[in-house]
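All values below were derived from every heavy atom in this structure, side-chain atoms included, with hydrogens, water molecules and symmetry-related copies excluded. Keep in mind that what you see is a predicted model, and the values were worked out from it rather than measured. For the single chain, residues carry numbers from 1 onward in sequence order.
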Amino acid sequence: MLLLALSVGLGPAGCSDDAPAEDTSGETGDGDGDTGDGDSGDSETGDGDGDGDGDPGDGDGDGDFPGTPPENFCPGDPDGNCDEVPDAPLRAGTAVVDLVPECFESWTDVAQNGDFDEGEDDFLDCGCDRLCPMDPGYVAPDEGENDGVFQAIYMAGFQNNRPATGVRDDSVGLVGEGDGIWCKAVVLDQGNTRVAIVTLDTIGYFYDEVVAIRETLGDQDIDWLVVHSIHNHEGPDTMGLWGESMFSGGFDPDYRAQIRLAVASAVTDAVADLEEVATLTVGRGDASTAHQGDPAKGIRNVSNDTRAPFIVDEAVDVLNFKNGEGESIVTLINFASHPESLASEQTLLTADYVHALRKTVEQGSQWQAAPATAGLGGEAIFISGALGGMMTPLRISTTTPDGDTWNTGEFEKADAIGQLLGEIAIDAIHNGEVIENPRLEFASQTYLAEVINDGFKLLFMQSIFDREVIERDNKMYVRTEMGALELGPVRMLTIPGELLPELAVGGYDGSQMFTTEVELIEPDNPNPPDLDAAPEGPYLKERMAADYTWLIGLGNDELGYIVPKYNFELGDLPYLSEAEGDHYEETNSLGPHMADFVNDNGDSLIEFIDWL
């Protein structure tokens with residue numbers, strides 16, 4: 001979860017009042033090519049060709065598409081950069097780059113509260129490598145050692161002033177070996193179409209950063225780069241919200257540069273690693289089956305919903321790519337739940353439950369007594385789904401096949417959740433469908449999204465958020481992007497934030513609970529949502545109209561929570577305080593228009609992909 005309540009950080013923010021060169025190349029609306037009507041936050045398209053230079057595409061859609069084509073699509077784009085190549089094989093390549101900050105110092109949390117309390121807690125002035133003279137492996141003083149300055153890396157999520165003390169290792173939890181903060185990339189290539197999907201073990205990553213990385217990748221012929229954050233609450237701050245104090249930046253400039261280089265390096269290495277895919281298998285599992293003999297508990301053994309109504313997306317979607325020798329190249333896993341099971345008091349850098357999930361899919365599960373499940377081999381890449389409002393491992397316990405039960409804040413709980421989900425993913429592939437001759441295609445479009453949230457406006461005005469702001473007609477906008485990718489029967493849609501799952505799957509009738517431990521709306525809720533006013537279907541995943549539908553949450557941007565209009569309520573100080581009941585998410589949303597923004601623009605992209 002984001003945590004605003006005016007906990008902020010990092011500037012300066014760019015600000016301009018310049019409009020794109022043309023505003024008629026596909027503004028948001030009803031997908032018919034007409035200009036938007038304001039229902040999506042008066043959002044409009046960007047430059048017309050997706051590269052920010054103001055040159056519009058020719059928009060002819062080969063003369064057949066009934067609306068305005070998106071800025072960027074393959075195969076068959078108007079400029080001929082990615083013409084169709086009949087019978088071209090699908091290729092895949094992967095790469096992994098360590099994303100642990102290159103320089104930070106550790107400290108002692110005397111109060112064990114996760115906060116650095118000056119005067120009570122002491123930082124260890126041992127330099128960037130965190131090795132003091134008496135530590136094993138110490139060679140000589142390094143940068144920052146004994147300079148009296150705390151070289152802190154602040155962790156994202158929960159509260160300010162939570163510096164990292166180190167990196168989780170195999171001495172903690174069930175399967176700690178190999179944990180840390182990683183950048184994982186997969187490149188998919190078919191004929192003249194090449195897409196790179198990069199996942200970061202971070203809280204979120206702004207669109208402006210993605211654009212900057214794209215500019216460095218020209219020689220890799222990447223037609224579309226997607227940078228996705230798993231929304232990790234145990235990693236470094238990459239948005240600026242969680243610094244030392246409410247008004248100090250948390251995104252370290254050196255780390256910012258490190259991430260850009262890491263993403264570019266991972267994509268370059270993945271391109272060099274491309275090999276032909278002989279077998280593509282797709283499968284879908286059900287996270288509620290991880291209940292360990294307690295069907296009443298169901299989904300609440302691995303994930304929870306802390307905002308009424310209780311609605312979850314139970315799907316564990318999986319794609320496995322094998323080469324001609326039958327070896328896994330990469331496995332992609334899509335699931336929706338915040339990586340925050342370790343909560344706010346621990347200070348080791350970790351990928352939370354995602355680490356154990358990926359490790360299980362790659363190498364197999366490792367229970368203390370229960371039988372293990374063999375892994376698939378290759379690399380595993382995790383992609384978060386519709387995890388907003390509030391898909392989380394918090395406020396539940398997790399029981400393992402060993403019969404142990406673990407609670408929030410324990411690494412064993414994170415590892416148990418990850419292994420249970422990893423076993424479901426493996427089973428989904430074993431029982432999955434082999435896809436013959438899959439076709440790779442995508443379409444993407446930039447938009448202007450209006451910033452209605454007064455708290456966010458303050459962050460920009462105070463130069464806290466470091467991204468460009470566009471001012472027009474006394475309104476504030478940021479440029480963002482959505483896109484659709486299709487691979488055979490699998491259709492993916494990038495979401496620039498944290499979508500509440502009911503917008504994706506419905507469930508207002510209680511059909512998406514997957515537990516009987518709780519009610520759809522708890523009777524003691526002081527401000528329950530009016531389900532009679534809830535939107536009717538078909539919902540987003542239904543409208544995506546594919547056998548397998550994936551949502552890439554926080555794909556190429558993090559604009560906060562995307563909340564249904566009917567249940568969007570503000571406190572007495574709009575956006576700065578919560579309304580009574582379950583309305584935290586509104587304080588960290590651009591505004592109530594974002595649900596229509598995603599629905600309208602998603603529908604337009606789906607319509608185009610259908611045509612393409």
Side-chain angles (χ1 to χ4, degrees), residues 90 92 94 184 186 188 195 197 199 228 230 277-291 298-299 301-303 312-337 353-354 356-365 371-387 391 401 417-440 484-493 501 504-505 512 514 540-542 544-553:
L90 177 68
T94 64
K184 292 199 168 196
V186 58
L188 303 177
V195 177
I197 301 174
T199 69
H228 154 269
I230 68 171
V277 176
T279 307
L280 175 65
T281 305
V282 60
R284 172 169 287 173
D286 179 349
S288 70
T289 62
H291 54 62
I299 191 72
N301 200 45
V302 294
S303 189
V312 303
D313 183 352
E314 85 289 0
V316 181
D317 281 298
V318 196
L319 272 171
N320 175 253
F321 301 74
K322 284 187 171 65
N323 61 21
E325 286 71 47
E327 301 169 330
S328 286
I329 303 170
V330 64
T331 303
L332 307 183
I333 309 106
N334 186 215
F335 178 66
S337 186
Y353 75 80
V354 174
L357 190 163
R358 294 186 301 216
K359 187 174 182 180
T360 297
V361 171
E362 293 168 356
Q363 304 175 25
S365 54
T373 297
L376 299 176
E379 293 293 339
I381 294 180
F382 177 80
I383 297 173
S384 290
L387 48 65
M391 303 298 101
I417 291 172
Q419 290 194 106
L420 290 169
L421 292 172
E423 289 182 338
I424 290 172
I426 292 168
D427 288 344
I429 291 301
H430 288 328
N431 298 314
E433 174 186 0
V434 175
I435 305 304
E436 302 291 343
N437 303 315
R439 183 175 189 260
L440 175 66
L485 182 147
E486 189 159 281
L487 185 61
V490 180
R491 182 168 286 183
M492 304 180 184
L493 185 69
V505 298
Q512 289 289 139
F514 303 98
L540 184 57
K541 277 196 168 184
E542 298 173 280
M544 288 173 71
D547 293 339
Y548 300 93
T549 52
W550 293 39
L551 298 179
I552 303 179

Shortest non-hydrogen contact between [X] and [Y], atoms and distance:
| X | Y | value |
| --- | --- | --- |
| A356 | Q419 | CB-N, 4.0 Å |
| A484 | L493 | CB-CD1, 4.1 Å |
| S365 | T360 | N-CG2, 3.8 Å |
| I230 | S384 | O-OG, 2.9 Å |
| G375 | I426 | CA-CD1, 4.1 Å |
| E314 | D286 | CG-OD1, 3.2 Å |

Between [atom1] on residue [X] and [atom2] on residue [Y], distance to nearest 0.5 Å:
| X | Y | atom1 | atom2 | answer |
| --- | --- | --- | --- | --- |
| L188 | L332 | CG | CG | 7.0 Å |
| I333 | W550 | CD1 | CH2 | 7.5 Å |
| S337 | L421 | OG | CG | 8.0 Å |
| Y548 | N334 | OH | CG | 14.0 Å |

For this session: Answer yes if the side chains of T94 and E379 hold a donor-acceptor pair under 3.5 Å, and no otherwise.
Result: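 Side chains of T94 and E379: no pair found under 3.5 Å.
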Measure the shortest side-chain to side-chain distance between [X] and [Y] over non-hydrogen atoms and say whether it is less than 4.5 angstrom.
| X | Y | result |
| --- | --- | --- |
| L90 | F321 | yes |
| P501 | Q512 | no |
| K184 | V330 | no |
| I381 | I197 | no |
| I424 | F335 | no |
| M492 | L319 | yes |

For this session: Among N323, L376, V361, find the one that has a side-chain contact (heavy atoms from CB on, under 4.5 Å) with S328.
Result: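 Between S328 and the candidates, side-chain contact (heavy atoms from CB on, under 4.5 Å) is satisfied uniquely by L376.
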Problem set entry | Result of checking L357, T199, T331 against F382 for side-chain contact (heavy atoms from CB on, under 4.5 Å) |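 Considering L357, T199, T331, a side-chain contact (heavy atoms from CB on, under 4.5 Å) with F382 is found only for L357.
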Problem set entry | Residue pair E423, T289: steps toward the side chain to side chain contact (heavy atoms under 4.5 Å, CB included) verdict | CA-CA 11 Å; E423 289 182 338; T289 62; over 6 Å; no
Exercise. Do side-chain atoms of N320 reach the backbone of T281 as a donor and acceptor pair under 3.5 angstrom?
Worked result: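 Such a contact is absent between N320 side chain and T281 backbone.
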For this session: Begin from the C-alpha positions of D317 and V490 and carry the test side chain to side chain contact (heavy atoms under 4.5 Å, CB included) through to its verdict.
Result: CA-CA 10 Å; D317 281 298; V490 180; over 6 Å; no
Problem set entry | Verdict with reasoning, L551 to M544, per side chain to side chain contact (heavy atoms under 4.5 Å, CB included) | CA-CA 10 Å; L551 298 179; M544 288 173 71; 3.7 Å; yes
